[in-house]
Amino acid sequence: MITNTISKETEKRLLTFFSTTVDPEQMAKAIRQVNFVLALGLIRENETLHQEINKLESSFYWLNELAEILNPYLDLE
């Protein structure tokens, strides 16, 4: 597992952003929608360049992880 630490300034900015600018649940919903539309668009447009597949898979994974942090939708029973 990769663990990266963020600076106190970054943490402060993220907390400010999510406490005053945007509702975390709405942001998570938007991330999931964008992730879905991007994946669907790429699948329909072409077979995707083979060298980009790993990058795309990683990007979709991390966007979903961010959405889960903001609103743990998939962890609910």
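Every heavy atom of this structure was used, including side-chain atoms; hydrogens, water molecules and symmetry mates were not. Since this is a predicted model, take the numbers as computed values, not measurements.
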Which value, rounded to the nearest 0.5 Å, describes the distance between Ile69 atom CD1 and Asn64 atom CG?
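Reported to 0.5 Å precision, the distance equals 11.0 Å.
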
Quick one: pull up CG in Leu70 and CD in Gln26 and give me the separation to the nearest 0.5 Å.
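Between Leu70 CG and Gln26 CD, I get 11.5 Å after rounding to 0.5 Å.
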
Which residues pass the side chain to side chain donor-acceptor pair (under 3.5 Å) test with Thr10, not counting sequence neighbours?
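If we apply the side chain to side chain donor-acceptor pair (under 3.5 Å) test to Thr10, skipping adjacent residues, the hits are Ser7.
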
Determine whether Glu68 and Arg32 make a side-chain contact, defined as any pair of heavy atoms from C-beta on separated by less than 4.5 Å.
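Sidechains of Arg32 and Glu68: in contact.
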
Of all the heavy-atom pairs spanning Ile31 and Leu63, show the shortest one and how long it is.
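Residues Ile31 and Leu63, closest heavy atoms: CG2-O, 3.2 Å.
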
Might you point out which heavy atoms bring Ala28 and Ala67 nearest each other, and give the distance in Å?
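What the structure gives for the nearest pair is CB-O, 3.5 Å.
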
Under the salt bridge (charged side-chain N to carboxylate O under 4.0 Å, His left out) test, which residues partner Glu11, sequence neighbours left out?
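Residues passing salt bridge (charged side-chain N to carboxylate O under 4.0 Å, His left out) with Glu11: Lys8.
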
If the threshold is 4.0 Å, N to carboxylate O, is there a salt bridge linking Lys29 and Glu25?
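Result for this pair is no, no salt bridge flagged.
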
